[in-house]
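Only one structure is covered here, and it is reproduced in the block below.
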Amino acid sequence: MSRIAIIGKQQPLQVREMMKKYLEERGHSADILYMETRNVVDWMDEMKGYNAIISAGEKMPAEVFETLKGDLKLVSRYGVGTDEIDKVKRQSVAWLSVMRPVLFP
């Protein structure tokens with residue numbers, strides 16, 4: 001069972017709740033994390049222990065990947081581009097970028 005963090009105020013709450021429900025119905029543990037800023041460094045301690053992060057444009061510099069290494073295996077970003085993600089350190093995890101959310105029935 002994977003432990004998954006869903007972050008990002010850019011995603012409507014309804015979409016984040018649908019993601020959580022979908023993941024939990026498939027046996028994963030998913031949490032919607034409510035954070036004050038878009039910079040993951042400000043709250044990366046709360047992200048320790050997660051195997052995957054579903055993000056909507058949060059800044060993820062090298063410090064994030066260093067702190068979360070070991071547990072973190074996948075980062076999925078909703079949106080275009082990777083300019084706010086450290087391009088060297090992210091190579092230590094699988095990476096997925098999607099243009100629009102997939103809404104499940």
Side-chain angles (χ1 to χ4, degrees):
M1 175 175 72
S2 297
R3 188 167 178 232
I4 302 167
I6 301 168
I7 61 174
K9 293 181 181 181
Q10 293 81 349
Q11 296 172 335
L13 180 57
Q14 180 182 9
V15 172
R16 288 179 276 160
E17 289 171 344
M18 289 170 48
M19 286 180 194
K20 178 178 170 57
K21 181 180 176 191
Y22 179 83
L23 293 165
E24 288 176 342
E25 286 173 349
R26 281 146 185 84
H28 301 285
S29 172
D31 298 312
I32 299 172
L33 303 182
Y34 301 93
M35 305 301 174
E36 295 299 317
T37 70
R38 288 185 59 225
N39 190 338
V40 178
V41 171
D42 294 340
W43 36 270
M44 65 185 168
D45 284 341
E46 295 179 44
M47 310 246 336
K48 289 180 181 175
Y50 285 98
N51 307 113
I53 299 171
I54 299 174
S55 170
E58 280 61 34
K59 296 178 182 183
M60 299 183 85
E63 299 97 315
V64 173
F65 295 99
E66 284 297 317
T67 299
L68 302 178
K69 72 180 176 185
D71 292 324
L72 186 63
K73 305 296 182 212
L74 173 73
V75 174
S76 176
R77 182 183 189 277
Y78 168 71
V80 179
T82 59
D83 55 317
E84 294 184 335
I85 309 298
D86 185 279
K87 291 173 177 55
V88 174
K89 292 297 181 179
R90 74 166 187 203
Q91 293 176 8
S92 63
V93 299
W95 180 255
L96 173 66
S97 185
V98 295
M99 297 285 289
R100 57 189 162 128
V102 178
L103 302 180
F104 303 98

> Sequence neighbours excluded, which residues qualify as side-chain hydrogen bond (donor to acceptor under 3.5 Å, both in side chains) partners of Glu24?
Replying inline: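 Checked Glu24 against side-chain hydrogen bond (donor to acceptor under 3.5 Å, both in side chains); matches are Lys20.
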>> According to side-chain hydrogen bond (donor to acceptor under 3.5 Å, both in side chains), who are the partners of Asp31, at least two apart in sequence or on a separate chain?
In response: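 Partners of Asp31 under the side-chain hydrogen bond (donor to acceptor under 3.5 Å, both in side chains) test: Tyr50.
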> Roughly how far, to the nearest 0.5 Å, is CD of Glu46 from OH of Tyr34?
Replying inline: 13.0 Å
> For Met19, which of Ile4, Ile32, Ile6 qualifies under side chain to side chain contact (heavy atoms under 4.5 Å, CB included)?
Replying inline: Ile6
> Are any side-chain N or O atoms of Arg16 and backbone N or O atoms of Gln11, one a donor and one an acceptor, separated by less than 3.5 Å?
Replying inline: yes
> Are Met47 and Ile7 close enough that some pair of their side-chain heavy atoms sits under 4.5 Å apart?
Replying inline: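 When only atoms from C-beta onward are counted, Ile7 and Met47 do touch, with a gap below 4.5 Å.
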> Do Thr67 and Lys48 have side chains that get closer than 4.5 Å, going by heavy atoms?
Replying inline: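 Yes. Closest side-chain heavy atoms under 4.5 Å.
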